[in-house]
Amino acid sequence: MPLEEAMRTQRAIRRVRSDPVDDALLLHILELAMKAPTGSNAQNWEFIVVKDREVVAKLGRLNRRALKVGGGIYKRIASRRMGEGNDQMLRIEKAVQWQAEHFDEIPVVVVACLKGVIPAWPPIAVTSSYGSIYPAVQNLLLAARAAGLGAALITLPLWSRLLARRALGMPWNVTPCAVIPIGWPKGKYGPTTRRPVGEMVSLDRYGNRAFRDVASD
């Protein structure tokens with residue numbers, strides 16, 4: 001699949017089938033993920049491929065607990081951002097809830113980690129650390145899309161790094177950063193709907209929408 005097509009049709013796929021994902025395909029996707037750049041070319045990532053049903057269930061419980069506690073907060077934020085009763089928001093809420101209820105059936109869960117402890121201060125240390133893992137996560141998502149797999153980046157199972165580390169048997173000096181459930185999608189991919197680029201891009205200073213009237217493909 002051409003890269004641009006994968007980018008134009010990529011979306012968070014939360015509803016996936018329980019059918020197994022071939023190890024060779026999964027390793028190929030992870031190899032592509034690790035082609036991403038990292039700070040100082042440190043390549044300080046770690047990926048945990050979770051297929052054991054008991055471990056997946058532990059992550060599922062963490063996910064449901066976070067959703068139960070923080071779901072109301074998320075809904076209030078989303079309502080302010082998108083409008084109360086917005087159809088798109090309701091679809092997202094249903095997909096998130098479906099994923100939580102069926103988490104234990106997901107065939108593969110990939111946990112993207114960084115070697116080392118991410119410091120809380122100074123802010124530049126935090127942003128630099130995450131800058132070394134999220135390009136690889138995006139590569140993984142694009143590679144999954146190109147292979148026809150459904151995937152979505154989530155962080156709810158990591159609401160407690162202590163419990164997440166315990167569930168995954170991780171040492172204290174490796175930090176889980178993102179969780180990517182993967183499987184064959186129940187639905188279909190299609191072009192994503194986004195606001196015009198001119199409404200989101202400023203020139204030279206914030207709010208100068210100089211490209212608002214420029215047509216884009």
Side-chain angles (χ1 to χ4, degrees), residues 10-18 21 33 45-86 88-121 123 126-127 129-134 136-138 140-141 144 149-183 185-187:
Q10 182 191 24
R11 64 178 66 210
I13 301 293
R14 294 181 172 88
R15 294 183 176 93
V16 296
R17 304 198 300 268
S18 59
V21 177
W45 43 47
E46 289 278 353
F47 293 90
I48 304 175
V49 175
V50 184
K51 300 173 69 175
D52 185 285
R53 293 298 92 198
E54 290 185 9
V55 182
V56 173
K58 289 178 181 178
L59 294 176
R61 285 194 293 271
L62 289 171
N63 185 82
R64 287 186 290 274
R65 190 182 305 177
L67 187 61
K68 183 178 180 180
V69 173
I73 298 173
Y74 165 78
K75 286 182 180 180
R76 286 195 293 273
I77 294 173
S79 294
R80 286 198 297 269
R81 184 182 301 165
M82 304 174 68
E84 188 71 34
N86 181 281
Q88 182 181 358
M89 184 187 75
L90 294 175
R91 287 196 298 270
I92 293 173
E93 287 180 5
K94 289 181 179 179
V96 169
Q97 188 63 43
W98 189 97
Q99 185 182 59
E101 293 173 355
H102 297 268
F103 201 99
D104 299 8
E105 303 164 20
I106 295 170
V108 180
V109 179
V110 174
V111 183
C113 312
L114 281 174
K115 296 177 183 176
V117 176
I118 298 176
W121 185 267
V126 180
T127 55
S129 296
Y130 285 117
S132 285
I133 188 63
Y134 278 108
V137 172
Q138 177 64 0
L140 189 155
L141 293 170
L149 286 164
L153 188 165
I154 64 174
T155 55
L156 285 177
L158 305 180
W159 67 269
S160 169
R161 284 180 177 168
L162 173 63
L163 295 178
R165 283 190 175 102
R166 187 178 298 170
L168 295 163
M170 296 175 60
W172 66 269
N173 59 344
V174 176
T175 302
C177 300
V179 176
I180 305 99
I182 297 176
K186 281 180 172 288

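Please read all numbers here as calculations on a predicted model, not as lab measurements.
The ring pair (Phe, Tyr, Trp, His ring centres under 6.0 Å) test applied to W159 returns no partner, not counting sequence neighbours. Shown here are the side chain to side chain contact (heavy atoms under 4.5 Å, CB included) partners of K186, two or more places apart in sequence or in another chain: R15, R17, W98. Remark: V55 engages V50, D52, L168 in a side chain to side chain contact (heavy atoms under 4.5 Å, CB included) (not counting sequence neighbours).
K115 places none of its side-chain heavy atoms less than 4.5 Å from the side chain of N173. Between S18 and I106 there is no side-chain heavy-atom pair separated by less than 4.5 Å. Looking at heavy atoms from C-beta onward, I182 lies out of side-chain contact with V16 at the 4.5 angstrom threshold. The shortest distance between side-chain heavy atoms of V56 and E105 does not fall below 4.5 Å.
Separating the CZ atom in F47 from the CD1 atom in I133 is a distance of 4.5 Å, to the nearest 0.5 Å.
With Y130 contributing its side chain and I118 its backbone, the two residues share no donor-acceptor pair below 3.5 Å. Side-chain atoms of R61 do not come within 3.5 Å of backbone N or O of P157 as any donor-acceptor pair. Remark: the backbone N or O of L163 is paired with a side-chain donor or acceptor of S160 at under 3.5 angstrom. Checking side-chain atoms of T155 against main-chain N and O of A178 turns up no donor-acceptor pair under 3.5 Å.
Note on R64 versus D104: salt bridge recorded, some NZ/NE/NH1/NH2 to OD/OE distance being below 4.0 Å.
With 3.5 Å as the limit, one finds no donor-acceptor pair spanning the side chains of E93 and Q97.
Exactly one residue among P176, C113, P171 makes a side chain to side chain contact (heavy atoms under 4.5 Å, CB included) with R165. That residue is P176. Under the side chain to side chain contact (heavy atoms under 4.5 Å, CB included) rule, L149 has a single partner from V21, I13, L141, which is V21.
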